[in-house]
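This report refers to the structure that appears directly beneath it.
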Amino acid sequence: MQSCCLPGPFLTTAVENRASRPAPADRLCTMSSRPLSSGRRADLLRMSTLFVRTLREDPVDAEVASHRLLVRAGYIRRAAPGIYTWLPLGLRVLAKVEAVVREEMNASGAQEVHFPALLPKEPYEATGRWEEYGPNIFRLKDRKDGDYLLAPTHEEMFTLLVKDLYSSYKDLPLALYQIQTKYRDEARPRAGLIRGREFIMKDAYSFDVTDEGLAASYQKQRDAYERIFTRLGLEYVIVSATSGAMGGSRSEEFLSPSPIGEDTFVRSAGGYAANVEAVVTPVPEAVPYDDAPAAHVEDTPDTPTIDTLVALANAKYPRPDREWTAADTLKNVVLALVHPDGRRELVVVGLPGDRDVDLKRLEAAVAPAEAEPAGDADFAAHPELVKGYIGPKVLGPQGAVVETESGDKVSAIRYLLDPRVVTGTRWITGADEQGRHVFDLVAGRDFSADGTIEAAEVRAGDLAPDGSGPLELARGIEIGHIFQLGRKYAQALGLTVLDENGKRVVVTMGSYGVGVTRALAALAEANNDEKGLAWPAHVAPAHVHVVATGKSAEVFEAAEAIAGELVDLGVEVLYDDRPGKVASPGVKFADAELLGVPIVVVVGRGLADGLVEVRPRVGEAQQVPVADVVRVVTEKVEALLA
RNA sequence: CGGGCUGUAGCGCAGGUUGGUAGCGCGUCCGCUUUGGGAGCGGAAGGUCGCAGGUUCGAAUCCUGUCAGCCCGACCA
């Protein structure tokens, strides 16, 4: 555990925990999420001297509960937009979250390292990310005009470090991690710690020779993540995700379900869960079309939208069996893809008229290209596209063909269909002339496309691809993201090892992140009520909050004794020893509820009868004889930490 | 980057249209009282009214510019 202590002034040898001051900043060493069995005397925090100021009113700039309450309870203060200062209580919670992460990472076999947050640009130029990140990273110059950045993530550094030291397959597999402050110049920081410009992340990387090795390393990390979030008491959902700009293959996100989450995901009762971008549409069976009537073009004046088209179709060309609906129409949406080389390509996505294109899903499907709705200039360049009446006749294989540089013949306008548009399905769609639509156009008989694409919006009630039933949509806070990077970074930076045949092979990598500060925010988000925070015991700034009320010396002496005995037994105590003239009972109770320590012990008027009150932050209070209170509370704490 | 809103005491806000020596609540400090649900009374400290220019005898207030922050959206391992 040499990695536990920071060097220099943080290296504290002996800590007098009974001191009336908060523990010094050797948080990495004294903090632990372990139960009481260690037998070490625990911290005693005194409200009279603790550096904290609770706010009676909500901070005006805080919207979400975690942000509002963390500021109100004196855990954090805003230093700049998206940048927060940690006060003693907040730092204790943060250290406990870190401790859980650290313990589970170590248990998984990963080894802790620590990179600088301030880095030269060269490694990021080698992978192209100096450019790719654009304005989203903090850049700065040294006195010699050299370019530096505040690292948003450290793939390059890990890769180069391993390259620096290792050169044989015998050295692998290897997993390294760090818990580091990261910087991103977010266009819009929000929701306090949930989306900051400075945040703490645990990032881990695995290094393997083979794909099988990577799969095993990935699974180890995935297991570790499950243990981390379980121990933190944080509900989580694992969803399939797209790997996005990072490249790579398999990717999963750990989401903490919350209405204020920024990620939309779907899940089925049967256990399927996926990020919306990654949802795969179940492909229906092809339908026979032998008895289908021939396609016929009809006049449909003034029907540039699906709604107007459906209304007119029902009025003028009614269906015998039922009404036409938007789902009977084939909507052809023109989009422009911008490829990384700057090339602009027009594509048309054909999908049932009752659905819209989800740009994020589309982009996930066409990555690394970016997508945007086609503009007037695009339509001007393609007069065959009649706005509002676009049909397959001019698209894809049916349309014009151009020859590429390599001599292949491809569609001038690529036509990509939603997977629901299977062979045999019949559609009303544009006839490629103003005011005309074609009816009974059969997919596979009358038209075909260049391929299918997952670009249609996902809706509640859609079926899960694995047959596990209908999907519901939910929001979540992304607290972890793991993926199999593959060889992208190793290739770009030349990380190779010699295999058993003496052949040079490129190492394959996995990348595993936990948003530590974000997980803390998610915990606050999931554990609060109208009165304040209500921490799970493993991460609470203390296990027990002892409150002394009244003015008699006996009350304070008894409370002092109880607090002292508890810390001797390893129970962390926050002791409200403020004199009555400084804080009334009402103030103390309100603060206890706001601060959210899981067990509150009230020493006050009941003392005359030999009783103190033990109040869980959530649950029923009970009167306990003074003589028993230390035992009762210790048992409760042990149960909470078990 | 687009839309909306806001900058006045540590915090939350009023004042601004009608220019005239800056106010309320909470908090802070002193004194007395109170002591199981954010106490009462009395006294006190605390503000370049975001910044810069302008109009005016006089600007928190009117005009111009500018900066910052928050919220929504776009963006976003």
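Quick caveat, the model's predicted, so the values are computed rather than measured. As a basis for the values below, the full set of heavy atoms in this structure was taken, side chains included, without hydrogen atoms, waters or symmetry mates. Protein chains get the first letters and strands the later ones, always in sequence-line order, with residue 1 at the start of each.
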Between B:rC5 and B:rG47 - P atom distance, rounded Å
32 Å
What's the gap between B:rU21 and B:rG12 when it is taken at their P atoms, as a whole Å value?
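My reading of the P atoms in B:rU21 and B:rG12 gives 28 Å.
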Provide, to the nearest angstrom, the distance between the [atom1] atom belonging to [X] and the [atom2] atom belonging to [N].
| X | N | atom1 | atom2 | answer |
| --- | --- | --- | --- | --- |
| A:Glu186 | B:rC75 | CD | C1' | 9 Å |
| A:Lys588 | B:rU34 | NZ | P | 17 Å |
| A:Lys551 | B:rG36 | NZ | C1' | 13 Å |
| A:Leu362 | B:rC75 | CG | P | 12 Å |

Taking only N and O in the side chain of A:Arg78, is any of them less than 4.0 Å away from OP1 or OP2 of B:rG69?
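Negative; the distance criterion is not met.
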Is the phosphate of B:rU35 approached by A:Thr549 (side-chain N or O, under 4.0 Å from OP1 or OP2)?
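So the side-chain polar atoms of A:Thr549 never come under 4.0 Å of the phosphate oxygens OP1 or OP2 of B:rU35.
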For the residue pair A:Asp203 and A:Tyr205, confirm or rule out a side-chain donor-acceptor distance under 3.5 Å.
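Short answer, yes.
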For A:Lys182 and A:His154, does a side-chain donor sit closer than 3.5 Å to a side-chain acceptor?
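Checked: A:Lys182/A:His154 side chains pair up, N/O donor to acceptor below 3.5 Å.
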If you take atom types as modelled and just measure distance, does the side chain of A:Arg615 reach the base of B:rG37 with a donor-acceptor pair under 3.5 Å?
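Such a pair exists between side chain and base.
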Quick one, A:Tyr489 and A:Leu495 - any side-chain contact, counting heavy atoms below 4.5 Å?
no
